[in-house]
**Q** 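Below you'll find the structure I mean.
Predicted model, so just to flag it, every value in this text is computed and none were measured. So that the names make sense, note that chain A is the first sequence line, chain B the second, and so on, each numbered from 1.
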Number of protein chains: 2
Amino acid sequence: MKSGNITNGSKTAAKRRYDDACGLAHALDLIGERWALMVLRELMLGPKRFSELRSDLPGISANVLTQRLEELEQRGLLVRRKLPPPSGAQVYELTTWGYEAEPIVQTLGRWAARSPAHDTSLQISPVSILLSLRTMIDLAKVGDLDARIGFRFGDETYVGHLTADALDIVRSDPATADVIFEGIPQGIAAAVYGDVPFEALAAQNMLRVTGDLTLAKRFTTLFELPPKAF
Amino acid sequence: MKSGNITNGSKTAAKRRYDDACGLAHALDLIGERWALMVLRELMLGPKRFSELRSDLPGISANVLTQRLEELEQRGLLVRRKLPPPSGAQVYELTTWGYEAEPIVQTLGRWAARSPAHDTSLQISPVSILLSLRTMIDLAKVGDLDARIGFRFGDETYVGHLTADALDIVRSDPATADVIFEGIPQGIAAAVYGDVPFEALAAQNMLRVTGDLTLAKRFTTLFELPPKAF
DNA sequence: CGGCATCCGGGAAGATACTG
DNA sequence: CAGTATCTTCCCGGATGCCG
């Protein structure tokens, strides 16, 4: 019914973008699609393979994950990399610029924590809870503490290095950490944000703490959620 | 037709949400829809009416704007308010919690400014450019400066209060400001980020500067875009 | 004119099945 | 395990039209 095709090159090429020079608009053009920021979040503590991403992002479908990974790679936020033999598996790893998106994840998360509608009973991934610790830590309470905190969620293990300046978290073996938290992400959440005692969590098979228990207890006091907005 | 229609109650209860306790996921459930953050941005410096939003968000359809405003109101991010007579016009105004989303807009904007694909030649709204000034100001360069900077973009006028602590910007009459920038948003961008001299901008009808020209020149040196990521 | 409902076309997202 | 292929559903964008 439209007489003549539009033939406006700039318009046919234009998919669903905000035609706006504003930085926010451009950011949304880059990472505003559904699932894009969630994918970045899952890669924020280190490379992952396709199947790990799929299982840590409940609800994403394979084709959408494929598409997001392609777009994010093309835009320079992540790269595909082959692990050295014998593994040889392909993983997705953030670029430097991709890692620089962590403040975005933190700012959004901290803001949303004030939402009265926030349902903390839902599923949460290992990376999510660890990033929330990085976000919600009150460095003033750390003092001169310097400790290595291990986390074990099934196969996924992480080690956090707590200093006066920051809580660094990398994916590595927690065997030599000062204290090890082992269980499910909700167990960490309950201990840190819900002040649930370790014994109760152990009884529910949510969390097991080994190593320096005094340090563990102290660790759980370093974090605080912001108050609800209303 | 409306009566007795399917209502899809069985499955539609869960729309298109991330079923995830992560703060990021909840944030995206609240403001992750298309145009939502752009609407928040436009309201960030004060209430606006429907038609103002529509004209400052080129590309949004009335349909979608209505829907976003409803959702954001229902979620507690903005309220509808009637201006006192004689205007009596209805405006949309952010709640306290809504204004607290400014760090989100800033973080996304600052991050995207590093993108090599960022096209600064596109249209930009008054609120966008003013928020970018708040984002990109280098307070260390302000020293003990204390000045009132006026901005006039057609009908929309703003006054920025520059102090050592912050650049506050509110929508008000710039008549008494120390210096007034008048023109189009791109004119401000060219002067501040492109170091284009005032004379050149005046010749192109992009910007006219009145008042304390020394202050104006100094003002344009306070802002710096981050380097490109690659 | 401002605000909102409705219809329609296109395209992105979701679900499932399938393949190397 | 790491993705395709296909089909369906739903959201977005544009146009029209109602109503205060």
**Q** Does the side chain of Ile31(A) reach to within under 4.5 Å of the side chain of Leu40(A), using non-hydrogen atoms?
**A** yes
**Q** Hey, can you pull the residues of residues 52-68 of chain B with a non-hydrogen atom under 4.0 angstrom from DNA chain C?
**A** Asn63(B), Thr66(B)
**Q** Does dC11(D) have OP1 or OP2 under 4.0 Å away from a side-chain N or O of Arg34(B)?
**A** no
**Q** Would you say Trp35(B) places a side-chain N or O within less than 4.0 Å of OP1 or OP2 belonging to dG13(D)?
**A** yes
**Q** Select one nucleotide: of dG2(C), dG13(D), dA2(D), the one nearest the side-chain heavy atoms of Arg16(A).
**A** dG13(D)
**Q** Can you check the Asp19(A) CG to dG13(D) P distance for me, whole Å?
**A** 11 Å
**Q** Expressed as a whole number of angstroms, how long is the span from Arg17(B):CZ to dG14(C):P?
**A** 14 Å
**Q** In whole Å, I'd like the distance from the NZ atom of Lys48(B) to the P atom of dG2(C).
**A** 14 Å
**Q** Can any side-chain N or O of Glu52(B) pair as donor or acceptor with the backbone N or O of Arg49(B) at less than 3.5 Å?
**A** yes
**Q** Testing Arg17(A), Arg16(A), Arg75(A) for salt bridge (charged side-chain N to carboxylate O under 4.0 Å, His left out) with Glu33(A), which one passes?
**A** Arg75(A)
**Q** Is the NZ or CZ atom of Arg34(B) positioned over Tyr18(A)'s six-membered ring, under 6.0 angstrom from the centre and within 45° of the axis?
**A** yes
**Q** Among side-chain atoms of Ser61(B) and Asn63(B), is any donor-acceptor pair under 3.5 angstrom?
**A** no
**Q** Atom CZ of Phe50(B) and atom C1' of dC19(D): how far apart are they, to the nearest Å?
**A** 15 Å
**Q** Glu70(B) near the nucleic acid: base, sugar-phosphate alone, or nothing, with a heavy-atom cut-off under 4.0 Å?
**A** sugar-phosphate
**Q** Less than 4.0 angstrom between a side-chain N/O of Gln90(B) and OP1 or OP2 of dG3(C), yes or no?
**A** yes
**Q** Can you check whether Thr157(B)'s main-chain N or O pairs, donor with acceptor, with Arg152(B)'s side chain at less than 3.5 Å?
**A** no
**Q** Check the distance between dC10(D)'s C1' and Glu71(B)'s CD and give it to me in whole angstrom.
**A** 14 Å
**Q** Any side-chain N or O of Tyr92(A) under 4.0 Å from OP1/OP2 of dG3(D)?
**A** yes
**Q** Whole angstrom is fine here: how far is it from CG in Leu28(B) over to C1' in dA13(C)?
**A** 15 Å
**Q** Would you call the rings of Phe50(A) and Tyr92(A) parallel, tilted or perpendicular, where under 30° means parallel and over 60° means perpendicular?
**A** tilted
**Q** Between atom CG in Asp155(A) and atom P in dC1(D), what is the gap in whole Å?
**A** 11 Å
